[in-house]
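These numbers were taken from a predicted model, which means no experiment stands behind them. Atoms within each ligand, like the ligands themselves, are counted from 1 in listed order. Residue numbers run from 1 in the order of the sequence given.
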Amino acid sequence: MANELRIANGKVYDPANNIDGEIRDICIKDGRIVESVSDSAAVINAHGNVVMPGGVDIHCHIAGPKVNLARKLQPEDHRLDPHPATEHTRSGTGGIVPSTFATGYRYATLGYTTAFDAAVPPLAARHVLEELHDTPVIDKGYYILLGNNIFLQNLIRKGRKEELKQAVAWWLHASKGYTCKLVNPGGDEPWKGKKNSNVKHIDEKSDEFEISPRTIIDSFIDVANELGLPHPPHVHCNNLGHSGNFETTIETMKTAGDRRVHIAHIQFNSYAGELGKNPLSAGREIVEYINDHPNISCDVGQVMFGKSTIMTADAPLAYMLKGYTHAKWVNVDTECESGCGIAPFDYQEHIYTHALQWAIGLEIFLLSKDPWRVVLSTDHPNGGSFMSYPKLIKLLMDKNFRDEEMKRVNQKAMAKTFLGELDREYTLSEIAIITRAGPAKCLGLKNKGHLGVGADADITIYDEQEDKELMFNAPRYVIKSGHAVITDHEFTTDFYGKTLHSTQEYDPAIENIIRPFFDDYYSIRFDNYAVSDAYLHDHEFIPMQKS
Ligand SMILES: [Zn+2]
């Protein structure tokens, strides 16, 4: 018998299909949304409830070696926040970097049903896939770190464009990645080999490779376009975290011309002021550029006060922050692929820079004219936990709440922002865009982020409440692939989502060019590197988007 469900009389927010709070039914059959179901279908009475597609997190860090190291660094978190098993779900630990099981369940308790890890070294793909397989409820994928890959930088330097394209396709295939991630492109080699230094300018050529970050970014945008990747290069810009870095961010966006690019956690790259001095806000300059350029998308990377964990492939950045915290940190060089730095962190209301960062993120949200391209993230766990999303939604929807929160933070920082002048309050439809429809569109996920016929039946049903933090903190129902995982606020079944990947076709001749590089430099043999399909478990191939 078909698995049928009718969600009846809910107030539906489905911006991709221009539905803005209409009372209607949503019908589900065999895990997908359909036009209608039979009279024998199960029924959820959603009268008085808000119905939205399941949330889609476009940028977080939830699996792999860096996440494990961060867990090990903070055992106190595990003691303070145990995640008990229930009749239907497994146990775990919480805190700022939850265990695999807790990560999936906690995303579900916010109504999120899809999440992408934003920085995976291809060398760690097996580990990541094993952890994601243990991350329940949500569908998941990951971006692979290619912006500091030595083999690829050599191809770029020599202008071997066709081989670059084939090599990127091979790496995506070998690691089951979704798109390419560039983190502080060109910055790792100076850090690894040259006395902890960094590239300081988008046009600065590294000594060894004689190419600039701009050339690397430009090359990857071309490759992504030619391959038709469902999501463009996901770029963590150079100079992240430094005062005055907004000019680098604008130059990065200009490099794209009219080609698509996604700028990650853009708040961290929206600072005016002089290098080495207190930052000032350049939120307005950044948003104005994005508003005028429809080829650009970004996630905000909002800072939320409280505990966080810096977890980045930008090793020089973690080194700088470790100098600030004087606490535990980890640095890892991942062979010829990436750097990595991890440092527990705490964003505090009374500290000027932290308060300013908080305000800049909100400025960017509130000045954005196109919520489809400026989407919600905290760069979990860098700017704060994904568990703070309901509070962030309340900050965006409730001007009075925002004003009260502004009174609690560093007032010198508030005097340097124009946040207090911004009266905008996000609507429920706009929240549905920045948390669901927008990220799904940026990712090229045609079956997610909406409730039209054919979409995955990933649906969240909230009790409509005045306090939006309470509302988004505890959905009444979460439906994943047609299964009611949460019913009346409680888990009623366990469920394991699938891996989303964009594995590429490539010319096998490229293997003969890559193989000798492995023999010379890698700790793993070429033939053992590529991840077999068995590691994917349940998975979905997201097709290329040829223009
Ligand atoms: Zn990130």
Practice prompt. Fit a plane to each ring of F365 and Y426, take the angle between them on a 0 to 90° scale, and name the class: parallel (under 30°), tilted (30 to 60°) or perpendicular (over 60°).
Written response: perpendicular

Discussion item. Could you tell me if E363 and S281 have a donor-acceptor pair between their side chains, going purely by distance under 3.5 Å?
Written reply: yes

Discussion item. Tell me which N, O or S atom from D379 is the closest to the Zn ion (ligand 1).
Written reply: OD1

Worksheet item: Between Y178 and Y143, how do the two ring planes meet: parallel, tilted or perpendicular, split at 30° and 60°?
Response: tilted

Discussion item. Would you say the Zn ion (ligand 1) has H59 as a near neighbour, meaning an N/O/S atom of that residue under 2.8 Å away?
Written reply: yes

Discussion item. Taking 2.8 Å as the cut-off, does H236 contribute an N, O or S atom near the Zn ion (ligand 1), distance below it?
Written reply: no

Practice prompt. Check the angle between the aromatic planes of Y112 and Y107 and answer parallel, tilted or perpendicular using the 30° and 60° thresholds.
Written response: tilted

